[in-house]
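Atom set for the values below is all heavy atoms of this structure, side chains included, hydrogens, waters and symmetry mates excluded.
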Amino acid sequence: MNRIKDPRISLVFSMTIFGTIGLFVRNINVSSGELALYRAVLAALLISVYLFVSKKNIPWRAIKKEIPILLFSGAAMGFNWILLFEAYKYTTVSVATLSYYFAPVIVILVCPILFKEKMTLKQWICFIMSTLGIVLITGIGDLSGNNKHFIGILFGLGAAVFYATVILSNKFIKNVEGLHRTFLQFLAAIAVLIPYVLVTSGIHLGGLDAKGWIFLLIVGFVHTGITYCLYFSSLKELPGQKAAILSYIDPLVAVVISVVILKEFMTIWQLLGGILILGFTLWNEIGPKEEK
């Protein structure tokens, strides 16, 4: 099998699948907390079977010092999902997704604080222009008449904060490979989400119809379990810049589905805002490294 083309195909496929999740979430009639919990459980089950069959045992002795940060990042992942699913309920899939993709901008801003790095002029430009993109997506002039839309954007930005937390936490994890890391993060998410769901919404699986069950299984097994496996396996084979470029298939697919399939309206200003966010964060990721 061609080792160059195969990881590209895997990454394109995984990003495309990620981009369709909003369409499925809209048709699963449970709370966002429940959906996040079920997603983590189904994905963890699938990956545990894969690890068992492939005999890829988790090296507990080598990773024991990093377990606390794994648990922390897993909890952040769980609440990241909850807030993203809530965003889908309040605003369009395209706006929720574009708000969520503000996460790399948050990483740009926080890295100098955590890692004592200086922000370059390029990074400042990316931060300012991406922030302008969020302002355009929000539609400042229309907030008084569409509070629900604004709440959805806030949920999307909240999800972005938790996703940025996962990204930054992973920078401190050195001895755990991608699939093992994701599996343990799923387990941590489950441990945090179970008490959260029991205290808030409770369990309502019995209320799902056949369509809801099918979509839930697809979100858990396909969008999370299978796609995460493909995603991490492809990252090992691809240079960082190529992976960064292909990862933007996710929000592009989400926007197309929102407008074409769900028939959700998107203003020219929101489209421009999305272009600013994706364009400048991509420019920051794929550009040449600054000389120190």
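Using a 4.5 Å cut-off on side-chain heavy atoms (C-beta onward), F85 and I21 make contact. You'll find the side chain of I69 stays beyond 4.5 Å of the side chain of S73, heavy atoms only. A heavy-atom distance below 4.5 Å is not found between the side chains of I82 and F162. Looking at T92 and L262, their side chains never come closer than 4.5 Å, going by heavy atoms from C-beta outward. Here the side chains of S14 and L11 are in contact, with some heavy-atom distance below 4.5 Å. Contact annotation: the side chain of Q270 approaches that of V95 to within less than 4.5 Å [non-hydrogen atoms, C-beta and beyond]. The closest side-chain heavy-atom distance from L205 to W213 is below 4.5 Å. For the pair V105/L109, no side-chain contact is recorded, criterion being any heavy-atom separation below 4.5 Å from C-beta on.
Put simply, CZ on R39 and CG on L193 are 11.0 Å apart, with the number rounded to the nearest 0.5 Å. Rounding to the nearest 0.5 Å places CD1 of I277 at 11.5 Å from CZ of F280. Interatomic distance, CG of L70 versus CG of L187, reported as 10.0 Å (0.5 Å rounding). To the nearest 0.5 angstrom, R181 atom CZ is 10.5 Å from I63 atom CD1. A distance of 12.5 Å separates CZ in R26 from CD1 in I261, rounded to the nearest 0.5 Å. Note that the OG1 atom of T91 and the CZ atom of F150 stand 11.5 Å from one another [nearest 0.5 Å].
Connection of L198 to L37 is established within a shared hydrophobic cluster, with ILVMFWY side chains joined at heavy-atom distances below 4.5 Å, either directly or through further cluster members. Side-chain heavy atoms closer than 4.5 Å link hydrophobic residues (I, L, V, M, F, W, Y) into clusters, and following such links, even through other members, never connects V199 to Y196. Both V110 and I128 are part of a single hydrophobic cluster, where members link through side-chain heavy atoms under 4.5 Å apart. V49 is not connected to I218 by any chain of hydrophobic side-chain contacts under 4.5 Å among Ile, Leu, Val, Met, Phe, Trp and Tyr, and they are in different clusters. The cluster map of Ile, Leu, Val, Met, Phe, Trp and Tyr, joined by side-chain heavy atoms under 4.5 Å apart, puts F183 and W60 in the same cluster.
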Item to check | Test side chain to side chain donor-acceptor pair (under 3.5 Å) applied to S201 and S31, step by step | outcome: CA-CA 7 Å; S201 62; S31 70; 2.8 Å; yes

Item to check | side-chain contact (heavy atoms from CB on, under 4.5 Å) evaluation trace for F215 with L23 | outcome: CA-CA 9 Å; F215 279 22; L23 178 63; 5.8 Å; no

Item to check | Check against side-chain contact (heavy atoms from CB on, under 4.5 Å), I153 and I137 | outcome: CA-CA 8 Å; I153 292 173; I137 286 175; 4.2 Å; yes

Item to check | Criterion side-chain contact (heavy atoms from CB on, under 4.5 Å) on K89 and S32, from CA distance to verdict | outcome: CA-CA 9 Å; K89 294 180 179 180; S32 298; 3.5 Å; yes

Item to check | Candidate pair N27 and K211, rule side-chain contact (heavy atoms from CB on, under 4.5 Å), full reasoning | outcome: CA-CA 8 Å; N27 290 278; K211 182 181 179 181; 3.2 Å; yes

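Not one N or O on the side chain of K55 forms a donor-acceptor pair closer than 3.5 Å with the backbone of F52. Listed for the T227 side chain is a donor-acceptor partner under 3.5 Å among the backbone atoms of V222. A distance-only check finds no donor-acceptor pair linking the side chain of K56 to the backbone of H180 [under 3.5 Å]. Panel note: side chain S48, backbone L45; a donor-acceptor pair is recorded below 3.5 Å.
Annotation for T97 and A254: closest pair OG1-CB, 3.6 Å, computed over non-hydrogen atoms. Of all non-hydrogen atoms in A159 and Y100, the two that sit nearest each other are CB-CD1, 3.6 Å. Residue V12 comes nearest to T16 through the heavy atom pair O-OG1, 2.7 Å, listed as atom of the first residue, atom of the second, then distance. A pairwise comparison of heavy atoms in G152 and A87 identifies O-CB, 3.4 Å as the closest pair. Closest of all the heavy-atom pairs between I106 and A164 is CG2-CB, 3.8 Å. The two residues A160 and A103 come nearest to each other via the heavy atoms O-CB, 3.5 Å.
The environment of Y248 atom OH is dense: over 12 non-hydrogen atoms of other residues, nucleotides or ligands sit within 6.0 angstrom. Surrounding CZ of F221 are more than 12 heavy atoms belonging to other residues, nucleotides or ligands, all under 6.0 Å away.
Checked against H223 for a ring-ring contact (aromatic ring centres under 6.0 Å, His included), the options Y231, F18, F24 give a single hit: F24.
Ring planes of Y228 and W81: perpendicular class, angle over 60° (limits at 30 and 60°).
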